[in-house]
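Notes follow the structure.
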Amino acid sequence: MVKIYQTIPCNFDSSIQVVSCFVHFSKSFILLERASNEADPGAWGIPGGKMEEQESPFQAMKRELFEETSLEANMSLRMLGSLFFRRPAIDYTLQVFELQLKEPPKIYLSEEHSSYEWVTPLQMKEFKLIPGTIQVYRYFYQNVRSL
Ligand SMILES: Nc1nc2c([nH]c(=O)n2[C@@H]2O[C@H](COP(=O)(O)OP(=O)(O)OP(=O)(O)O)[C@@H](O)[C@H]2O)c(=O)[nH]1
C-alpha cells in the first residue's frame with residue numbers, strides 16, 4: 001500500500017531520499033528484478049536506490065546506475081522531478097530521472113538483481129512491480145496530474 005503525492009504531505013518525514021531512473025532504449029526501458037536475498041524479492045523496478053549522505057541527487061543516480069547496470073551516465077542524464085511516497089511504515093522522496101540511450105547497451109547486473117528486461121510501457125503491467133511504478137511512469141510521461 002503506497003500513497004504518492006505531488007506536493008509534500010502533512011507531517012512528512014523527509015529524511016530518506018531515493019533516486020530512480022527510466023533508462024530508455026528504442027521504445028523500451030529497463031526493469032530490474034530484485035534478488036531473492038533482498039527486500040521485496042522478485043519485485044521489478046527501474047534502477048535506483050537510497051541517496052547517501054553528502055551526495056547530490058545526480059551523483060546518487062549515477063552511482064546507482066553504475067552499480068546496478070554498469071551504465072555510465074553523463075550529460076544525457078536528465079532529472080524529471082520529485083514525488084513524495086508514503087507507505088505505512090515509511091516516508092521517502094523519490095527523485096526521478098531519465099536516460100535516453102542511442103546504442104544498445106551492455107548491461108552487467110550486481111548481486112542485488114537476478115535479471116533484467118527491456119519493456120514497453122504496455123508490457124509493464126505483466127510484471128510484479130514495486131508499488132507505484134506505473135503511477136510514476138504515467139505522471140512523468142502521460143502528463144496525468146492526479147495520482
Ligand atoms: N530501485 C527502485 N526503488 C524504488 C522505486 N520505487 C520505489 O518506491 N522504490 C523504493 O525505494 C527504495 C530503494 O531502496 P533500495 O533498497 O533499492 O536502495 P539501496 O539499493 O540504496 O539499498 P540499501 O541502502 O537498503 O542497501 C525501496 O524501498 C524501493 O521499494 C523504483 O522505481 N526503483
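Both counts, for ligands and for their atoms, begin at 1 and track the order of listing. Source: prediction; values computed, not measured.
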Residues that T120 engages under side-chain hydrogen bond (donor to acceptor under 3.5 Å, both in side chains), provided they are two or more places apart: Q123
Sub-4.0 Å protein heavy atom next to atom 10 (C) of ligand 1: yes
What part of E52, side chain, backbone, both or neither, has a heavy atom within less than 4.0 angstrom of ligand 1? neither
Quick test: of every protein heavy atom, which one is nearest to atom 12 (C) of ligand 1, and how far off is it to 0.1 Å? V18 CG2, 4.0 Å
Tell me yes or no: between the side chains of S110 and E68, is some donor less than 3.5 Å from an acceptor? no
I'd like to check the side-chain contact (heavy atoms from CB on, under 4.5 Å) partners of R78; sequence neighbours left out, ordered by chain and number. L80, E98
Side chain, backbone, both or neither: which part of I46 comes within less than 4.0 Å of ligand 1 when only heavy atoms are counted? both
Could you work out, for atom 25 (O) of ligand 1, the closest of H113, M51, K50, R87 by heavy-atom distance? K50
Any chance you could measure F84, atom CZ, to D13, atom CG, to the nearest 0.5 Å? 12.5 Å
Nearest heavy atom to atom 15 (P) of ligand 1: which of R34, E68, E112, Q17 does it belong to? R34
So, F12 versus Y5, ring centres under 6.0 angstrom or not? no
Considering the heavy atoms of F85, write down every atom of ligand 1 situated less than 4.0 Å from one of them. 8 (O)
Identified side chain to side chain donor-acceptor pair (under 3.5 Å) partner of Y92 from the options Q17, K50, R87: R87
With side-chain contact (heavy atoms from CB on, under 4.5 Å) as the criterion, how do H113 and R34 come out once you've worked through the C-alpha distance, each side chain's angles and the decisive distance to 0.1 Å? CA-CA 4 Å; H113 296 105; R34 294 176 79 97; 4.3 Å; yes
Atom 6 (N) of ligand 1: closest protein heavy atom, distance to 0.1 Å, is I130 CG2, 3.7 Å
Could you tell me the residue and atom name of the protein heavy atom closest to atom 7 (C) of ligand 1, and the distance to it rounded to 0.1 Å? Y92 OH, 3.5 Å
I'd like to know if E67 contacts ligand 1, where contact means a heavy-atom distance under 4.0 Å to any ligand atom. no
State yes or no: are the ring centers of F140 and F22 separated by less than 6.0 Å? no
Tell me the contacting part of E38 for ligand 1: side chain, backbone, both, or neither, using a 4.0 Å heavy-atom threshold, strictly below. neither
